[in-house]
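Just the heavy atoms: all of them, side chains too, but no hydrogens, waters or symmetry mates, feed the values below. Proteins get letters first, then strands, A, B, ... in listed order; numbering begins at 1 in each. Since the model is a prediction, treat every value here as computed from it, not as a measurement.
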Protein chains: 2
Amino acid sequence: MCKLKWDYALYLVTDRNYIGKRYLPDCVAEAIEGGVTLVQLREKTASSREFYALALAVKEVTSRYKVPLIINDRLDIALAVDADGLHLGQDDLPIEIARRYFGEDKVIGISVSNVREALQAEKEGADYLGAGAVFATGTKTDAELVTLGELQRIKEAVSIPVVAIGGIKKHNAPEVLSTGIDGISVVSAILAEEDIAGAARTLRDIVDKVKAGRGK
Amino acid sequence: MCKLKWDYALYLVTDRNYIGKRYLPDCVAEAIEGGVTLVQLREKTASSREFYALALAVKEVTSRYKVPLIINDRLDIALAVDADGLHLGQDDLPIEIARRYFGEDKVIGISVSNVREALQAEKEGADYLGAGAVFATGTKTDAELVTLGELQRIKEAVSIPVVAIGGIKKHNAPEVLSTGIDGISVVSAILAEEDIAGAARTLRDIVDKVKAGRGK
């Protein structure tokens, strides 16, 4: 899929800590059925072999649904499974190195927490930004918080898509989306739920409604 | 350096847990001054950015001394710093994936603990084997032990270079080398010593002496 046509509305980031004994590729399929438009595979403790095997299994699901698969941090895993995208944090490889090996037609997203990092990432060739954490989160306990005001300034400062991440749930999603961003990124709000498809559907409805209301 | 000319006599694997407050690139320089012929950078807890920065700094040292630099596990870091080699364990990326992106002119080594794994790795295109652990070790506490008999069978079964690893010190190095292997690989026997160059020199002398005695 041409990267210019990606839909950033509802971006799922995985974390196997939330899914109990459920099989991650199945959870991803349910989330996509519910309305997730992008999937990022994030594995911070798996061995390379395990990450690779899991990425292959998740890619089978995302390919079936024609939803992009983004790998967190690991350029080698992204190359190995021919993922659609790579997401880099500020502690990961520099984007120019990743771009050199991953290619111009692939998507590279960058985590930012302020306007300065956002402008820098856009200048260095990022395809989208993940801005956060907007709220305190159990997934990344060390994440710097980004106010909704800063989130709006980030969105206004760059011309690439911006998704917000960090503690976003259905009750606070509307105010996050009121900043004008392109979509929301969630982990536990979908994966910690028993009804994954239902949780995704609720969030997707909120995003679609807020975005539809913007033109009016 | 043409990979066919590599000298596997004394292979240093890094572990920053052993060096206290000393700066790793300086420790590597001292080890090479003492007689280390290959350096593997192994980082299991660093962020990708930190691993990359450290690899660049260590590469500056190894390049200066014309000693090959091998990256442990991470194909992306090996690509990013244009390392000479990549070392893969049985839990790391499959060698065929690594070879595809790293190239034919680069060295890929594989960890093995028996003849079956050794033959498989050679068949899949490994350039050398790291066999171990030959003795219990504080560095890799979960490593499977390889008897000296099995080490000798591994060496006899393959035509690529074999280095032994795991708990090798100056007192047991001669018996390990008596199996006919090409060199020894150490971590703490060099890096935990106050006199790094001296420790490397002692080990290198043992290797040279045993190998010189083989022809007689």
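Rounding to the nearest 0.5 Å gives a distance of 9.0 Å between OG of Ser48(B) and CG of Asn72(A). Rounding to the nearest 0.5 Å gives a distance of 11.5 Å between CD of Gln90(A) and OG of Ser47(B).
Within a 6.0 Å sphere centred on NZ of Lys44(A), heavy atoms belonging to other residues, nucleotides or ligands number more than 12. Enclosure of atom CD in Glu194(A) is not indicated, since only 12 or fewer non-hydrogen atoms of other residues, nucleotides or ligands lie within 6.0 angstrom. In the displayed structure, Glu60(A) atom CD is contacted under 6.0 Å by at most 12 heavy atoms of other residues, nucleotides or ligands.
Among residues at least two apart or in separate chains, ring-ring contact (aromatic ring centres under 6.0 Å, His included) pairs with a member in residues 39-94 of chain B are His87(B)-Tyr128(B).
Heavy-atom neighbours of chain B within the stretch residues 73-81 of chain A, taken at a separation under 4.5 angstrom, comprise Asp73(A), Arg74(A), Leu75(A), Asp76(A), Ile77(A), Leu79(A), Ala80(A).
A donor-acceptor pair under 3.5 Å is absent between the side-chain atoms of Arg49(A) and the main chain of Asp91(B), judged by distance alone.
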